[in-house]
Protein chains: 2
Amino acid sequence: MHMMNDAGSNRSIVTQLRAFLAQAELPEDGRLPPERDLAAALGVTRTELRKALGTLESEGQIWRHVGKGTFMGNRPTDTLSDIATLARRTNPAELMRARLIIEPEIARAAALTATPMHLTELRTCQARTREAATWRQYENWDTRLHRTIAEATQNTPLLGMFDMLNALRRAVTWGRLRSNPVKPNADHHSFAEHEAIIDAIENRDMNGAAAAMRAHLQSVERNLLARQLDIGD
Amino acid sequence: MHMMNDAGSNRSIVTQLRAFLAQAELPEDGRLPPERDLAAALGVTRTELRKALGTLESEGQIWRHVGKGTFMGNRPTDTLSDIATLARRTNPAELMRARLIIEPEIARAAALTATPMHLTELRTCQARTREAATWRQYENWDTRLHRTIAEATQNTPLLGMFDMLNALRRAVTWGRLRSNPVKPNADHHSFAEHEAIIDAIENRDMNGAAAAMRAHLQSVERNLLARQLDIGD
DNA sequence: AGCTCCGACCAATCGGAAATTGGTTGAGCC
DNA sequence: GGCTCAACCAATTTCCGATTGGTCGGAGCT
């Protein structure tokens, strides 16, 4: 009977724990008491409690983390760690394709919802890219310009996805040094293209904004293929 | 001449500050000394220094933040790539808008790149949703169907963004119990709509796939507005 | 009046020590 | 062998003091 005892007592503790969790009111984040307190409260050993918690965790009912605590529900997926693994599985060409699919639609949405504030910021970014003395500065303002377009959609999930794309871009490009010490030429293709995008957004021309963004990204892609150095624009 | 004096001294301090910044070597993050120290080092008042810093900031050369310090370059855009914080700032309606913008384009791309393997899996998912005995099972297969479409794009970043959208969906819906104990009706609108999407993908009809997906999501959206309970489909 | 300077204060932030927490190990005891 | 207990470990949070950009008000100067 001793072997039955193990499984039997373990299961009983699990059910006891389930009952406690159903009864006890948890804080907003679903965190439950520390193992040491919980063990004392239930009148069992920490070892026993941990075994019960282990089964509950394997069932996906709870999740635990050192230093944080034990929580109800599914372990939250953190995007940042995914970025690193995603970056390892992709490449600049694939990323460019994703941008070509997503960003025109973002521009289209922005044309519908952009406020005057967004437009002035877009114009400012555009002017700053023209004034940029170094390539680094140009990149900063260019990135900000594209992000402002995403902000203009006034859609949080969309903005989040754009940020994710950007983070991926940085991760993939990471380590590759830009080999252009000079500043962009005055007739750099992006200037006119950016202008076309902003104009379309200002005119609430959704199709035009999407088309202009697509043309811009295709131009960037051509540049990328030619130089095979970086995926910035 | 007194009025010229103001602007003159101010400008001289700005140039003095510019010279200092060009000469002084800054730490990696581009942070420059605290205002109090910098004022002492330049032999000017903090008030004067702050005025000069203000003009430099308006020019976009530096950015400042309380408690952090003053830095060279552009103010970094705070990327909200954390699912939890993202979920807190959004709502089901906004999420639905994002899905309506993104997922049709994913379907369009899938129509171009889907392999026979993807198509058989799509058909399997479709069949399983019809056979589902509980709403929970239906949801599982429905989710997998949509994800298979994203996989069919064979584009890692795109798939990652789709997963992010899904995680957001779960996070936003978190805590709200589904109030449908019964299984979906045999004539549930999704069945025909899913079929239309898969057919279009199979026929390499990109526009058709995008349109079908859009129609499907709009149908889901109508359902959502009617029930105002959940954002699943 | 219109400034500038100076000191004090405020709220946001950083830094580091101390406490907390899940995970692990090993000795002692059935 | 299993079980318990205590100690320890590493990750994380929490707390507190110091730092920092921003602000206010009075004194002094033109």
Side-chain angles (χ1 to χ4, degrees), chain A residues 1-14 17 21 26-58 60-76 78 80-81, chain B residues 1-14 16-17 21 26-58 60-76 78 82 84-85:
Chain A
M1 61 178 72
H2 58 291
M3 42 182 153
M4 295 296 291
N5 202 358
D6 308 343
S9 68
N10 184 7
R11 184 159 33 207
S12 85
I13 293 185
V14 171
L17 186 52
L21 293 183
L26 300 175
E28 173 60 24
D29 54 354
R31 176 180 190 174
L32 48 95
E35 292 182 352
R36 294 163 175 83
D37 299 4
L38 195 52
L42 296 185
V44 297
T45 320
R46 189 153 93 103
T47 321
E48 287 176 319
L49 174 65
R50 280 185 55 77
K51 236 187 304 185
L53 286 174
T55 72
L56 251 64
E57 184 179 33
S58 66
Q61 309 253 359
I62 63 171
W63 63 276
R64 310 182 267 182
H65 190 62
V66 197
K68 279 187 149 80
T70 309
F71 301 82
M72 301 280 302
N74 292 341
R75 161 174 278 102
D78 81 343
L80 286 185
S81 71
Chain B
M1 62 176 70
H2 57 293
M3 39 185 156
M4 295 294 291
N5 201 358
D6 307 343
S9 68
N10 185 6
R11 184 159 36 210
S12 86
I13 293 186
V14 170
Q16 185 182 355
L17 185 52
L21 293 183
L26 300 175
E28 176 57 27
D29 54 355
R31 176 180 190 173
L32 48 95
E35 292 182 354
R36 293 165 175 85
D37 300 3
L38 194 52
L42 296 186
V44 297
T45 321
R46 189 151 94 103
T47 321
E48 287 176 318
L49 174 64
R50 279 185 57 76
K51 236 188 304 184
L53 286 174
T55 72
L56 252 64
E57 184 180 33
S58 67
Q61 309 253 0
I62 62 172
W63 64 275
R64 311 183 266 182
H65 189 63
V66 199
K68 276 188 154 80
T70 309
F71 301 83
M72 301 280 302
N74 292 98
R75 162 175 281 102
D78 57 338
D82 183 9
T85 62

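Every heavy atom of this structure was used, including side-chain atoms; hydrogens, water molecules and symmetry mates were not. Chain letters run A, B, ... following the sequence lines, proteins first, then strands; residues in each count from 1.
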Nearest whole Å is fine: how far is [N] [atom2] from [X] [atom1]?
| X | N | atom1 | atom2 | result |
| --- | --- | --- | --- | --- |
| B:Arg36 | D:dG21 | CZ | C1' | 7 Å |
| B:Leu42 | C:dC5 | CG | P | 14 Å |
| B:Phe71 | D:dT20 | CZ | C1' | 10 Å |
| A:Trp63 | D:dT12 | CH2 | P | 11 Å |
| B:Leu56 | D:dG21 | CG | C1' | 16 Å |
| B:Leu49 | C:dT4 | CG | P | 14 Å |
| A:Lys51 | C:dT24 | NZ | P | 15 Å |

Can you tell which of [options] lies closest to the side chain of [X]?
| X | options | result |
| --- | --- | --- |
| A:Arg64 | C:dC5, C:dG22, D:dG21 | C:dG22 |
| A:Glu35 | D:dT20, C:dG22, D:dT4 | C:dG22 |
| A:His65 | D:dT12, C:dA11, C:dG22 | D:dT12 |
| A:Lys68 | D:dT12, D:dC3, D:dG21 | D:dT12 |
| A:Thr47 | C:dC5, D:dC5, C:dG22 | D:dC5 |
| A:Arg50 | D:dG21, C:dG23, C:dC6 | C:dG23 |

How close do B:Met72 and B:Leu32 get, heavy atom to heavy atom, and via which atoms?
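In terms of heavy atoms, the two residues are closest at SD-CD2, 4.2 Å.
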
Please report the closest heavy-atom contact between B:Asn74 and B:Gly60, naming both atoms and the distance.
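In this case the closest contact between B:Asn74 and B:Gly60 is ND2-O, 4.2 Å.
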
Residue whose nearest DNA chain C nucleotide is more 5′ - B:Gly67 or B:Thr45
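Taking each residue's closest nucleotide, the earlier one in sequence belongs to B:Thr45.
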
Note, B:Lys68 side chain near B:Arg31 side chain (heavy atom, < 4.5 Å)
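No, every pair of side-chain atoms sits at 4.5 Å or beyond.
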
Between A:Arg31 and A:Arg46, just flag the one whose closest nucleotide in DNA chain D comes earlier from the 5' side.
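Looking at the nearest nucleotide for each, A:Arg46 comes out on the 5' side.
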
Point-to-point distance, once rounded to the nearest 0.5 Å, from CD of A:Glu35 to OG1 of A:Thr47:
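Result: 10.0 Å between the selected atoms.
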
